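The structure under discussion appears below in the form of structure tokens.
These figures come from a predicted structure and were not determined experimentally.
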Amino acid sequence: MEGKRYKWLFIFILFSADGLTSESQHLALINGHWHCVQNIKESEVTVKITSKYSYNASEYTYIYEAVSKYKYLDKLDVGSINVRIKGSFTYKESKMKYTTAQIQTNIISNPLGGISTDMIKDLEQAFREDTTEYHTTLITDTEWETVDPTNNEKTRCFRQPSK
């Protein structure tokens with residue numbers, strides 16, 4: 001009977017330690033550069049976002065660089081913008097939460113005048129106020145998938161080689 005109790009204690013400790021290791025393994029895998037592509041359809045406008053995330057997991061910092069291309073009815077070019085964000089993040093229980101420290105947004109093209117200064121300000125404000133905890137559902141040394149809990153949208157990213 002005494003041996004069984006130690007066996008269960010050992011198994012409990014093993015699984016507890018594995019939970020801690022999993023988070024540190026995730027952070028080690030997150031460290032580096034990731035390329036992501038998202039296609040978002042809102043009403044009659046489609047947005048294609050091509051982004052690069054650069055993470056320093058030991059300092060819990062990140063840089064996000066993206067180009068968003070807007071199309072009306074999947075055909076008419078509305079315009080495009082680029083966004084660059086520097087900030088920090090937390091990672092706990094496979095959930096990542098971002099904090100924006102700096103944001104820079106530029107209009108690349110605006111052929112129809114549909115991208116307004118107010119739209120840019122609203123976008124920047126949304127980034128600053130975002131408290132979403134994005135859930136990691138898959139992470140390997142080459143692939144990372146997260147889910148946005150607000151709409152269950154999945155984003156799949158692929159590791160980019162270091163420069």
side-chain hydrogen bond (donor to acceptor under 3.5 Å, both in side chains), that's the test. Do S116 and D118 meet it? Break it down for me.
CA-CA 5 Å; S116 68; D118 286 342; 5.2 Å; no
Evaluate the criterion side-chain contact (heavy atoms from CB on, under 4.5 Å) for residue pair T50 and H35; output intermediate values, then yes/no.
CA-CA 8 Å; T50 304; H35 179 264; 3.5 Å; yes
Starting from the C-alpha separation in whole Å, work towards a yes-or-no answer on side-chain contact (heavy atoms from CB on, under 4.5 Å) for I40 and E153.
CA-CA 9 Å; I40 301 168; E153 183 178 306; 3.9 Å; yes
Given the rule in the side-chain contact (heavy atoms from CB on, under 4.5 Å) test, do W34 and Q160 qualify, once you have shown the distances and angles that lead to the verdict?
CA-CA 5 Å; W34 294 90; Q160 297 297 291; 6.0 Å; no
With side-chain contact (heavy atoms from CB on, under 4.5 Å) as the test, would you mind laying out the steps for I81 and N106 before giving the verdict?
CA-CA 6 Å; I81 62 172; N106 298 303; over 6 Å; no
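Of the possible donor and acceptor atoms, none in the side chain of W144 sits under 3.5 Å from a partner among the backbone N and O of T140.
If you take CD1 on I103 and CD1 on I85, they are separated by 4.0 Å, rounding to the nearest 0.5 Å. Here the OG atom belonging to S54 is positioned 6.0 Å from the CD1 atom belonging to I63, to the nearest 0.5 angstrom. Atom CE in M96 sits 10.5 Å away from atom NE2 in H26 (nearest 0.5 Å). Rounding to the nearest 0.5 angstrom, the gap separating the CD atom in Q102 from the CZ atom in F127 is 14.5 Å. Between N39 atom CG and K71 atom NZ the span is 11.5 Å, to the nearest 0.5 Å. Interatomic distance, K48 NZ to Q38 CD, rounded to the nearest 0.5 Å: 12.0 Å.
Remark: the S88 side chain and the T61 side chain contain no N/O donor-acceptor pair separated by less than 3.5 Å. Residues T150 and D148 have side chains that bring a donor and an acceptor to within less than 3.5 angstrom of each other. Side-chain atoms of S58 and N56 include a donor-acceptor pair closer than 3.5 Å. At a cut-off of 3.5 Å, with distance as the only test, a side-chain donor of Y91 or T136 sits close to an acceptor on the other residue. At a cut-off of 3.5 Å, with distance as the only test, no side-chain donor of S94 or H135 sits close to an acceptor on the other residue.
Considering R84, K52, Q104, K86 in turn, R84 is the only one that fulfils the side-chain hydrogen bond (donor to acceptor under 3.5 Å, both in side chains) rule with E65.
Salt-bridge check for K97 with E133: failed, with every basic side-chain N at 4.0 Å or more from each acidic carboxylate O. A salt bridge links E143 with R156: the distance from a Lys NZ or Arg NE/NH1/NH2 to an Asp or Glu carboxylate oxygen falls below 4.0 Å.
For S51 against Y64, the heavy-atom pair with the smallest separation is CB-CE1, 3.6 Å. The shortest heavy-atom contact between R159 and G32 is NH1-CA, 3.9 Å. The two atoms that bring T155 and C36 nearest to each other are CG2-CB, 4.2 Å, heavy atoms only. In plain terms, the two heavy atoms of G114 and V78 that are nearest each other are CA-CG1, 4.4 Å. Pairing each heavy atom of N110 with each of I115, the nearest pair is ND2-O, 2.9 Å. Heavy atoms only, all atoms of each residue included: N31 and A57 are closest at OD1-N, 2.8 Å.
In this structure, M119 is not a member of the same hydrophobic cluster as V67, with clusters built from ILVMFWY side-chain heavy atoms closer than 4.5 Å. Neither F158 nor I49 shares a network with the other; the hydrophobic side chains, linked directly or stepwise wherever heavy atoms of I, L, V, M, F, W or Y lie under 4.5 Å apart, form separate groups for each. Both L76 and Y70 are assigned to one and the same hydrophobic cluster, defined by single-linkage of ILVMFWY side chains at heavy-atom distances under 4.5 Å. By the criterion of side-chain heavy atoms lying less than 4.5 angstrom apart, applied directly or through intervening Ile, Leu, Val, Met, Phe, Trp or Tyr residues, V147 is not grouped with I30; the two fall into different hydrophobic clusters. Hydrophobic clustering of Ile, Leu, Val, Met, Phe, Trp and Tyr side chains at less than 4.5 Å, counting indirect connections, unites L112 with V45.
Counting non-hydrogen atoms of neighbouring residues, nucleotides and ligands closer than 6.0 angstrom, the CZ atom of F89 exceeds 12 such neighbours. More than 12 heavy atoms of other residues, nucleotides or ligands lie within 6.0 Å of NZ in K41, so this atom counts as buried by the packing criterion.
Using a 30° and 60° split on the angle between ring planes, Y98 and Y62 fall in the perpendicular class, above 60°.
Here Y55 and Y53 bring their ring centres to under 6.0 angstrom of each other.
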